[in-house]
Protein chains: 2
Amino acid sequence: MSDTKPSRTVVRTITDLARIAGVSPGTVSRALAGKSLVNAKTREKIVSLAREHGFRPNQMASGLRRQKTGVIGVAIPLGHDTRQQISDTFFMTLLGFLADELTVHGYDLMLRRVVPEDDADWLDRFIGSGMIDGVIVIGQSDQYERIEDVADGYLPMVVWGNHTEGQRHCVVGTDNRLGGRLAAERLIAAGATRLAFLGDTGPMEFAARYAGAQDVAARMDVPLLALPTHLSPDHAGEEIARHLAAHAEAIDGIFAATDTLASLCLAALRERGLAVPEDVKLVGFDDLPFARQTVPPLTTIRQDIAAGARGLVQLLLRRLAGDETESLILPPQLVIRQSA
Amino acid sequence: MSDTKPSRTVVRTITDLARIAGVSPGTVSRALAGKSLVNAKTREKIVSLAREHGFRPNQMASGLRRQKTGVIGVAIPLGHDTRQQISDTFFMTLLGFLADELTVHGYDLMLRRVVPEDDADWLDRFIGSGMIDGVIVIGQSDQYERIEDVADGYLPMVVWGNHTEGQRHCVVGTDNRLGGRLAAERLIAAGATRLAFLGDTGPMEFAARYAGAQDVAARMDVPLLALPTHLSPDHAGEEIARHLAAHAEAIDGIFAATDTLASLCLAALRERGLAVPEDVKLVGFDDLPFARQTVPPLTTIRQDIAAGARGLVQLLLRRLAGDETESLILPPQLVIRQSA
DNA sequence: CGAAATTATGCAATCGTTTGCAATAAACCT
DNA sequence: AGGTTTATTGCAAACGATTGCATAATTTCG
């Protein structure tokens with residue numbers, strides 16, 4: 001139980017505590033909430049009694065009465081082929097930062113991974129559960145429309161993802177298109193003349209990265225080959241190998257949609273005896289911790305995950321206060337290491 | 001809100017729904033809960049009405065009344081130097097599996113990262129909040145005693161970590177000592193004659209891995225040097241470099257406490273011009289996804305994270321049902337790749 | 001010293017569901 | 001037909017904390 005346990009009388013409710021303190025439940029509630037309407041001495045007695053008995057007010061009851069829970073929902077939609085826990089490293093890191101950031105602001109975090117295909121109603125269900133004061137959605141996946149629908153009637157929602165012209169829901173995210181441009185520019189600056197994009201262009205974020213690369217390719221009049229690749233690490237390896245088998249001589253610069261893909265690509269290139277960056281330049285995206293430990297260390301486009309988490313929480317807090325916030329677009333940053 | 005919205009009358013509570021259905025709130029509650037005590041036709045009408053209006057019963061109210069929340073708390077204590085989000089990759093992966101596994105069983109997951117030093121009361125607070133039906137603690141960190149204390153009075157708790165003789169709290173975890181033995185045996189079988197252990201021996205899991213290595217070293221009469229290394233990726237790199245500078249010629253086989261450390265070690269060895277596995281053999285622990293993509297691919301001790309998550313949830317469910325379960329120790333598995 | 005202002009406390013309703021018990025209606029038996 | 005079961009439903013009391021309002025205690029002030 002607690003450190004000191006001289007209490008035979010179990011005190012579970014505010015009423016129990018009120019009894020042994022010789023006051024009314026209302027007073028206990030006020031004292032514990034630190035309201036100014038109670039006598040300092042009374043408050044002190046109640047607080048010390050509460051500590052002694054290890055009493056904590058029931059959050060559900062409190063939540064019910066106050067019509068707020070102190071809990072923020074975090075939903076991770078697992079789209080299309082992403083079936084399994086793929087979204088991994090990046091999203092999980094973001095989640096860690098989110099947990100810290102929410103804690104700082106006194107909120108708890110309720111995590112839900114959802115498979116939209118099996119459960120079309122996931123977002124309404126989460127919001128309507130009455131368990132959360134607001135929701136953060138990590139990744140738009142292929143649920144753009146659903147999120148838009150909800151955004152109209154529900155203010156306290158912020159989404160991690162890509163921003164599109166005229167979009168109605170509030171997002172925080174990296175400027176993916178700019179990131180794509182930076183990547184392509186770097187590849188060309190490093191001497192590549194025939195580019196390829198490695199990744200699935202279905203999800204909006206990736207589509208934007210691809211579009212950015214296209215911008216540059218068109219401007220510089222350089223060919224850009226799209227090599228559609230699922231992100232599931234199980235299949236991605238083979239898919240990349242197949243792509244390389246088919247197109248290896250046609251390309252000398254690869255922009256991988258994520259560092260994870262880039263790392264797999266590195267392995268596949270090594271297997272084919274192609275040297276990086278001599279034969280092929282490679283740029284990743286994310287700048288995950290392991291990016292500096294690959295061989296060679298990965299040149300990549302950095303997303304500031306910590307800043308993203310801070311942004312998500314800050315915007316959500318403002319929305320909880322009724323403020324109709326704008327989206328927040330973070331600048332990506334080219335990190336040059338040795339792969340390009 | 002919902003797909004069809006022909007409803008001007010907003011229906012937020014079970015009472016609202018009861019009114020438009022022309023029955024009593026009690027009946028609605030029973031119908032929605034799928035109890036057998038309502039007429040099939042009535043139930044059907046109520047359910048369809050509920051769907052039409054996008055109504056979902058408030059979980060807080062329900063939780064309060066039923067004295068259960070349908071939420072499992074997951075606590076991640078961040079011990080000692082681990083200040084930041086270090087525990088990362090492994091714990092985060094475990095968390096992902098946990099989320100899936102809990103969802104399958106109809107539970108939600110409430111995540112809390114705690115810094116025990118700042119908040120000695122973390123576990124009691126979490127449990128006493130009334131928000132969760134049970135708790136899973138990910139990692140004992142340096143909180144062994146506190147967890148033991150709580151275990152006596154609180155049944156629905158399961159911990160990921162190391163099992164020790166006579167321990168009172170229920171854990172699920174890998175047999176770390178056996179893992180340590182496997183690692184050391186492999187190093188020796190690969191030709192190493194002077195071993196070193198890389199990692200912090202403070203946390204129990206790591207201490208057990210080290211002890212396992214010691215078992216083998218003693219038995220085979222081989223020296224084993226402990227190279228204390230913090231896990232924080234920022235400092236670990238330098239620390240490892242310093243260790244190597246001091247002891248590189250004295251050792252030819254390294255057992256790293258985690259794959260993350262092993263990967264950093266790989267980089268440090270490369271920097272010193274030492275070839276793996278020719279000059280130095282290296283074995284990691286965890287078998288994280290990236291272990292197969294390092295250069296050379298990492299020989300490591302595999303922990304079955306998915307099985308761990310399943311175990312945690314299953315034991316917790318049994319404890320929620322009042323069963324006083326035993327701990328579950330999973331066998332580690334040596335995965336031979338190319339680093340040893 | 002008594003009236004008015006101020007401060008502390010208690011009372012009781014409320015948040016939205018669930019559920020034991022009672023009441024009603026319907027069906028079954030002899 | 002009358003007396004039992006049985007199947008549905010409604011009523012109202014919880015669950016535990018919060019809070020507006022009223023009351024009691026204390027202080028302030030003319």
Side-chain angles (χ1 to χ4, degrees), chain A residues 9-47 49-50 53-71 106 108 125 127-133, chain B residues 9-47 49-50 53-71 106 108 125 127-133:
Chain A
T9 53
V10 58
V11 30
R12 270 182 343 97
T13 78
I14 222 171
T15 313
D16 293 344
L17 192 58
R19 190 174 321 112
I20 66 177
V23 297
S24 82
T27 303
V28 173
S29 172
R30 282 185 274 251
L32 261 30
K35 305 242 182 181
S36 57
L37 314 83
V38 283
N39 182 295
K41 256 208 217 118
T42 322
R43 185 214 316 296
E44 212 174 308
K45 180 164 81 174
I46 292 176
V47 169
L49 231 37
H53 290 265
F55 169 78
R56 336 208 178 268
N58 182 305
Q59 298 269 93
M60 296 238 122
S62 165
L64 176 57
R65 173 65 227 241
R66 306 214 326 257
Q67 296 291 75
K68 52 194 309 241
T69 65
V71 180
D108 267 313
R125 275 248 307 282
I127 291 170
S129 71
M131 279 288 259
I132 58 178
D133 290 340
Chain B
T9 53
V10 58
V11 31
R12 269 183 343 97
T13 77
I14 224 171
T15 312
D16 294 343
L17 193 58
R19 189 175 322 113
I20 67 177
V23 297
S24 81
T27 303
V28 173
S29 173
R30 282 185 274 251
L32 261 30
K35 304 242 182 181
S36 55
L37 314 83
V38 282
N39 182 295
K41 253 206 221 126
T42 323
R43 185 213 316 296
E44 213 172 308
K45 179 164 81 173
I46 293 176
V47 168
L49 230 38
H53 291 266
F55 169 78
R56 333 207 180 271
N58 182 306
Q59 299 269 93
M60 295 236 122
S62 165
L64 177 57
R65 172 65 226 240
R66 306 216 325 260
Q67 297 290 75
K68 51 194 309 243
T69 64
V71 180
D108 266 312
R125 277 247 308 282
I127 291 171
S129 72
M131 279 287 259
I132 58 178
D133 290 340

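Lettering follows sequence order; numbering is per chain, from 1. None of these values were measured; they are calculated from a predicted model.
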- In whole Å, what is the span from the CG atom of B:L64 to the C1' atom of D:dA14? 9 Å
- B:L32 CG to C:dT18 C1': how many Å, rounded? 12 Å
- Round to a whole Å and report the spacing from CD1 of B:I14 to P of D:dA14. 19 Å
- Message: Need to verify one output field. Residue with the more 5' nearest nucleotide on DNA chain D, A:Q59 or B:T42?
- Response: B:T42
- Message: What's the closest nucleotide to the side chain of B:T27 if the choices are D:dA17, C:dT17, D:dT9?
- Response: D:dT9
- Using heavy atoms to find the nearest nucleotide of DNA chain C for A:A40 and A:G26 separately, return the residue whose nucleotide is more 5′. A:A40
- Choosing from D:dT19, C:dT9, C:dT18, which nucleotide comes nearest the side chain of B:R66? C:dT18
- Any idea which of C:dC11, C:dG20, D:dA17 is nearest the A:R30 side chain? C:dC11
- Message: So, OP1 or OP2 of C:dT17: does either fall under 4.0 Å of a side-chain N or O from B:S62?
- Response: no
- Base, sugar-phosphate, or nothing: which does A:V28 touch, judged by heavy atoms less than 4.0 Å apart? nothing
- Distance (rounded to the nearest 0.5 Å) between B:L32 CG and B:I46 CD1: 7.5 Å
- Query: In whole angstroms, how far is the C1' atom of D:dA17 from the CE atom of A:M60?
  - Reply: 13 Å
- Message: For the OG1 atom of B:T69 and the CE atom of B:M60, what is their distance to the nearest 0.5 Å?
- Response: 8.5 Å
- Task: Nearest whole angstrom, please: distance from the P of D:dA14 to the CZ of B:R65.
- Result: 9 Å
- Tell me: CD1 of B:I46 to P of D:dT9, nearest whole Å? 8 Å
- Task: Report the nucleotide, chosen from D:dT18, C:dG10, D:dA17, that has the shortest atom-to-atom distance to any side-chain atom of A:A61.
- Result: D:dA17
- Whole-Å distance separating the CE atom of A:M131 from the C1' atom of C:dG16: 14 Å
- Note on the structure: The reported gap from CZ in B:R65 to CG in A:L64 (rounded to nearest 0.5 angstrom) is 13.0 Å
- Taking it one step at a time, do B:F55 and B:L49 satisfy side-chain contact (heavy atoms from CB on, under 4.5 Å)? CA-CA 8 Å; B:F55 169 78; B:L49 230 38; over 6 Å; no
- Of all heavy-atom pairs between B:M131 and B:V71, which one has the smallest distance, and what is that distance? O-CB, 3.6 Å
- Ignoring the backbone of B:R12, work out which of D:dT9, D:dG16, C:dG16 is nearest its side chain. C:dG16
- Message: At less than 4.0 Å, is any side-chain N or O atom of A:Q67 found next to OP1 or OP2 of C:dT14? Yes or no.
- Response: no
- Task: Check every strand shown and say whether B:T13 touches a base, only sugar-phosphate, or nothing at a heavy-atom separation below 4.0 Å.
- Result: sugar-phosphate
- Starting from P on D:dG16, measure out to CG on A:D16 and report it in whole angstrom. 9 Å
